[in-house]
There are 2 protein chains.
Amino acid sequence: MTRVLLVDDQDLVRQGLRLILDLAGIDVVGEARDGAQAVVAVADLDPDVVLMDLRMPGMDGVEATRLITGSGARARVLALTTFDVDEHVVGVLRAGAVGYLLKDVTADDLVAAVRRAAAGEPVVAPAVLARMMANFADRPPANAAVLPGLGDLSEREREVLALIGAGRSNAEIADTLVISMATVKTHVRHIFAKLDLRDRAQAVVAARDAGLS
Amino acid sequence: MTRVLLVDDQDLVRQGLRLILDLAGIDVVGEARDGAQAVVAVADLDPDVVLMDLRMPGMDGVEATRLITGSGARARVLALTTFDVDEHVVGVLRAGAVGYLLKDVTADDLVAAVRRAAAGEPVVAPAVLARMMANFADRPPANAAVLPGLGDLSEREREVLALIGAGRSNAEIADTLVISMATVKTHVRHIFAKLDLRDRAQAVVAARDAGLS
DNA sequence: CTCGGGATCAGCCCGTGGGCTGAGGCCAGG
DNA sequence: CCTGGCCTCAGCCCACGGGCTGATCCCGAG
């Protein structure tokens, strides 16, 4: 079962969260009212997820997150705050948080987010996500330069390589690309020749090094 | 009720999606097998959400998305594709899509994503989100390191897996570990069984995800 | 002592992977 | 117009990969 630590300086907020999570069958194993208490509690209780408020008296949530993630603890830190400010988002993500929620989330969404965080998946509030997407889409195609020598591959070959990198068989690749397996094999052979690879295992390495998949 | 248009060139995929969405009480009001059909269908049916494959013969999903969002249609376009490639993500987001899903989503997550999209909320697959977050925070994903259950592997098996992850053949592994190839094969078979892998390509993925290699 | 798991190895079988040849269609550029 | 690259496909061949069975040895736990 998912075990959660609540960190917030307001008693009422913690009580509310505890009710919501309890109702969903999530186990709230502890509470803390500031960053310092949170760090101790994590070492003590080894929770799966830490629901971390950012603005708190004493040690704030960003600093606490840094200490927790830096300590090698298993816990995923999920920021839960009132303020939708990029400064906070960037700060706490840099500190190692796996997500950033706003306190206007519905109970259902909060529960889902905690479960995702427990599974190691990233989670962010829609409003924040929208800005991240805009930011992501705005950026220049800078990553093309960073990726090593896949430039000599054709578009189709890169697609095939990406699927190889995902662990797919030739038959599966043929299926998803809606082409025959003979064609897939041809692409594969060309990829190997161009990138100087011996077999698909090495191709997986190349694909992942290149940022495909 | 949420009204959805499916766009994919593979009949089987559309059928599967229709089943999943039907079951969740989402109304699939139409289907299209390429971008051109999609554009017409949107004008015709005025759906809430368009589930858009990207790679299709003829007009692709990115171009179709551009035309749809540019036409002033009410529909939210949600990209649903096999390829987790930044180039595609950026392309379709610039074209006006509200989200980017990968075809490895669970049925539940797909349904939730469609509902979010219908409400105008952005949605992206966890793997893509992780990169967006890293890009946003301008730093490596820190503690997001999800080291999955290699704990059940024996010491020797982990060594073999690491070598597989480096792209070595069974013969090479036998050579470097100074054991016979039969033994290597046995270890490999056990690794596959324990980690539920199908072939060494998937093993490479697992090894590198786990931080070996 | 016995049982079970890990490491080691052998032999058999066969499916997939990958090399090689050849070939047709499409499109951009010389 | 023709050359060359890319995408498409077919058929042939065989080595490696991987499943399966069965066996020996060592070890620690019960």
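Computation of the quantities below employed the complete heavy-atom set of this structure, encompassing side-chain atoms and omitting hydrogens, waters and symmetry-equivalent molecules. Proteins get letters first, then strands, A, B, ... in listed order; numbering begins at 1 in each.
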So what does B:S169 hit on the nucleic acid, given a heavy-atom distance under 4.0 Å: a base, only sugar-phosphate, or nothing? sugar-phosphate
Over how many whole Å does the gap from A:Q202 atom CD to C:dG18 atom C1' extend? 13 Å
Side chain of A:S154 - closest among D:dC7, D:dA10, D:dG18: D:dC7
Check each of B:L5, B:T65, B:V98 against B:V77 using the side-chain contact (heavy atoms from CB on, under 4.5 Å) test, and report the only one that passes. B:T65
Spacing of B:R200 atom CZ relative to D:dC16 atom C1', expressed in whole Å: 9 Å
Determine, for B:D46 against B:R74, whether the closest basic-nitrogen to carboxylate-oxygen distance falls under 4.0 angstrom. yes
When rounded to the nearest 0.5 Å, the distance separating CG of B:L129 from CZ of A:R116 is 9.5 Å
Do the side-chain N or O atoms of A:H187 get closer than 4.0 angstrom to the phosphate oxygens (OP1, OP2) of D:dT8? yes
Under 4.0 Å, heavy atoms only, any strand: does A:R156 hit a base, just the sugar-phosphate, or nothing? sugar-phosphate
CE of A:M181 versus P of D:dC9: gap in Å, rounded? 13 Å
Could you state the CD1-C1' distance from A:I179 to D:dC6, rounded to the nearest angstrom? 12 Å
CG on A:L80 to CG on A:L6, rounded to 0.5 Å: 9.0 Å
Figure out the CZ/C1' separation between A:F192 and C:dC20, and round it to whole Å. 15 Å
Just checking, any donor-acceptor pair under 3.5 angstrom between side chains of A:S180 and A:T183? yes
Separation of atom NZ in A:K185 from atom C1' in C:dT16, rounded to whole Å: 7 Å
In whole Å, what is the span from the CD1 atom of A:I164 to the P atom of C:dG17? 10 Å
Note: for A:T186 and B:A171 on DNA chain D, the residue whose nearest nucleotide lies more 5' is A:T186
Among D:dG19, D:dC6, C:dA10, the nucleotide that comes nearest once only the side chain of A:K194 is considered: D:dC6
Presence of A:N170 side-chain N/O under 4.0 Å of C:dT16 phosphate oxygens OP1/OP2: no
Residue-phosphate contact under 4.0 Å: A:T183 side-chain N/O, D:dC7 OP1/OP2: no
Round to the nearest Å and state the distance from A:R189 atom CZ to D:dG5 atom P. 16 Å
